[in-house]
Amino acid sequence: MSAIGPDGEPVVERVSIARALNLGLRAAMEREPKVLVMGEDIGALGGVFRVTEGLAKDFGEERVVDTPLAEAGIIGTAIGLAMRGYRPVCEIQFDGFVFPAYDQIVTQLAKMTHRSRGAMPMPVVIRIPFGGGIGAVEHHSESPEVLFAHTTGLRCVTPSNAVDAYWMIQQAIDSPDPVIFFEPKRHYWDKAELDPAAEPYPLHRSRVVRPGTDVTVVAYGPTVPLALRAADAAAEEGRSLEVVDLRTLSPLDLAPVEESVRRTGRLVVAHEAPVFLGLGAEVAARVTESCFYSLEAPVLRVGGFSVPYPAARLEDEYLPDADRLLEAVDRVLDT
Amino acid sequence: MTSSTTGRTSAGAGPTPTGPEQGTGPGTGGALHVVQLLTPDGRRADAGEDPEVVAHAAALTPEDLRGMYRDMALARRADTEATALQRQGELGLWASLLGQEAAQVGSARATEPQDRVFPTYREHAVAMVRGVDPADILSLFRGVDRGGWDVAATGVSPYALVIGTQTLHATGYAMGVQRDGAVGTGDAGRDACVLAYFGDGASSQGDVSEAFVFATAFQAPVVFVCQNNQWAISVPAERQTRVPIAQRASGFGFPGVRVDGNDVIACYAVVRAAAERARAGQGPTLVEAFTYRMGAHTTSDDPGRYRPSVEVEQWRARDPLTRLEAHLRRDHGTGDDFFAEVARDGDALAAKLRRDVLEMPDPEPSTMFDHAYAAEHPQVEAERAWYARYVAGLEGEDVAEGGAGTQGGAA
Ligand SMILES: Cc1ncc(C[n+]2csc(CCOP(=O)(O)OP(=O)(O)O)c2C)c(N)n1
Ligand SMILES: [Mg+2]
């Protein structure tokens, strides 16, 4: 099964984010023989979220590598493979398990292009399912995106829907730079209509996903569906939210945000990661600088607290929800 | 443990038994001697084994053996109940120990109260043998806390979910034991050792290799207990290693022993010998318990996608409980009464466990701000206060004063 019909014509179908990623990986592997997929349990099992389902069967073990259980090994060898001209796409099983590889990512992967004066580009993609809300045990619900976005040399993106997932994974694989690709794990099964013949939106561009007039809400990954729900609820009370899906966390593309804030004068940023030193801080600082005279209220941030991600039975309290987002919306409107 | 054991096991000069202990694929079997003191049909078989190990086994009384059976049966019953509770939506997840009861009970029974164990997320029988109430394990899998037991009282560290990480902590803890003068004194009530549990998959992690390096460099009193259950989720052990895991120890300069992990007597005796070596100040040992994960990796897993059911059937014939039961019936006159009593106790334990789980209160939301730091932290306290105002506001109270701002930040 793929989004390509029997005569090679693209077929429009409703697919989940997991399936869209699978189709995107297939498309990239078919186009470019140097693309390898590697990670733990990605072969016979198809990955714990089934994103690599069937790839080992269709592309063989040379290109779909079920690795030993060692994240530093996965990323370290991906660096070597990239030096040899391959384009590895590495799967980290859960956000909390990227840290054994953190040294390889930060001290090696991120700096190799600069160190070699461009002679050794690192077209490595690291896919990380991230975020909470799935009732998991410890280390399976983290949002570590700023640790990577803060590191020069890494590009960081996150799709919030299946259409973006399909295109963005391919664009990430095409990138000559390392891309940390954050997948909103609790939305893996959310479906959308995918037209593989459509024109893809650029990778490093943010986008207004719901137009509105009263308050701008910036979200990314799992908080995009949340912001859209909040916007529905707000609309019933006569308040119009404009929702911007950031999509790219490094580089940031704040042009659509600034354009929006110049109209609304109010901005709320929402992410699951702790608010303290989160991406919202950067967005707030930049928008305050660029839109100071348009702002009618301080920029507010909604997100996780400065505590370790709690046990599953508390995650609904920890995670930002529509109420928390709307409470911030109320406050920027009351100012 | 005598040096002859060390030499023989590491050099692989022992007999070469056939059967599932030799691995399911190329690479992990090899010609390494497997210590087995109880045959699959329940006969004692000490011939040719290290005398020190045999002596530890010989010292076990029939009462000890019945105790071992009981521990294994109760752990299995608790495990079955936990799986059922997960299926009924009462636990978020469960990692079954099914098939690994002998490796866990045998090794845990080789410890002394002053010893410390560092488990993964599957060592439920180890924890229970050390006095952990299984309800305090299930609280973690229910998602009400991170595991509720008293670490100091039980000597059981919190479950480690990041693969391999605990082997370093175990080694460091052992270095502390060493510095406290609690090794090599000859005082059986004082000398202590540390058990570091990990899996075949974990053996690939850099942390585990580093633990081996530190343990050997400082001759730390640690016993590495690898339960090679043949699988790391869907990845077979031969993807992690091309030599028996026990054999790795020799490259680091300490002894490694492979033991039949479904033979509780051998697991006890081998770990006991390694533990005494550690307590005597003679450094680390790696014990590879060759066993099998009879169930799924966790309740989220679907092993039908990657492993043949015939393999599971093969291992079913080597069940650790059936084996000890046969031995107790044949050689120690243990009859139906005992096994019926254990089954009744298991059912009672399971019923209590179920009650305890169903009665576990959900944690108070404000507790998520507790213990983020040991000393007060203004950022956390500001967020705690913000959250309290926020909740009060949702409940209709007037919280205008101090209510503004970003989650505890200024505004
Ligand atoms: C650092 C890290 N990477 C990945 C995982 C995901 N994971 C959980 S259990 C597991 C397999 C572990 O296999 P093994 O060490 O053999 O132990 P077993 O589960 O068989 O007891 C994996 C890959 C993890 N918990 N930690
Ligand atoms: Mg295993």
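To find a chain, count down the sequence lines: A is the first, B the second, and so on, and within it residues start at 1. Values below: every heavy atom of this structure, side chains too, minus hydrogens, waters and symmetry copies. Small disclaimer: the values here were computed from a predicted structure and weren't measured.
Both the backbone and the side chain of A:V137 come within contact range of chain B, judged by heavy atoms closer than 4.5 Å. In this structure, chain A has a heavy atom under 4.5 Å from the side chain of B:Y387, while its backbone stays farther away. Contact of B:I233 with chain A is made through backbone and side chain together, with heavy-atom distances under 4.5 Å. Both the backbone and the side chain of A:V302 come within contact range of chain B, each with at least one heavy atom under 4.5 Å from a heavy atom of that chain.
Open room surrounds CD on A:E62; 12 or fewer heavy atoms of other groups in view lie less than 6.0 Å from it. Around the CZ atom of A:R239, the shell of radius 6.0 Å holds more than 12 heavy atoms that belong to other residues, nucleotides or ligands. Heavy atoms from other residues, nucleotides or ligands lying under 6.0 Å from CZ of B:F214 number 12 at most.
A distance of 10.0 Å separates CZ of B:F369 from CG of A:L314, quoted to the nearest 0.5 Å. The CZ atom of B:R305 lies 11.5 Å from the CG atom of A:D41; values are rounded to the nearest 0.5 Å.
A donor-acceptor contact shorter than 3.5 Å is absent between the side chain of A:Y318 and the backbone of B:M368. Using modelled atom types, no side-chain atom of B:R239 and backbone atom of A:T67 make a donor-acceptor pair closer than 3.5 Å. Under a 3.5 Å cut-off, the side chain of A:R313 and the backbone N or O of B:R142 do form a donor-acceptor pair. Of the possible donor and acceptor atoms, one in the side chain of B:E383 sits under 3.5 Å from a partner among the backbone N and O of A:S306.
Contact count versus chain B (heavy atoms, under 4.5 Å) is highest, among A:E315, A:H139, A:H140, for A:H139. Listed options B:L93, B:D200, B:V162 were ranked by heavy-atom pairs under 4.5 angstrom with chain A; first place goes to B:V162.
Using a 4.0 Å cut-off between charged nitrogen and carboxylate oxygen, A:E327 and B:R389 do not count as a salt-bridge pair.
With contacts defined as side-chain heavy-atom distances shorter than 4.5 Å, the pair A:E317/B:E364 does not qualify. Looking at B:Q205 and A:L69, their side chains come closer than 4.5 Å, going by heavy atoms from C-beta outward. Annotation: side chain of A:V48 is not in contact with side chain of B:D301 (no heavy-atom distance under 4.5 Å).
Taking all atoms of both residues into account, the shortest heavy-atom contact from A:A70 to B:S204 is CB-O, 3.5 Å. A pairwise comparison of heavy atoms in B:R146 and A:Y309 identifies NH2-O, 2.5 Å as the closest pair.
Relative ring orientation between A:F305 and B:W386 is described as tilted, the plane-to-plane angle lying within the 30° to 60° band.
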Derivation of the side chain to side chain contact (heavy atoms under 4.5 Å, CB included) call for A:F97 and B:I163:
CA-CA 8 Å; A:F97 306 138; B:I163 300 297; over 6 Å; no
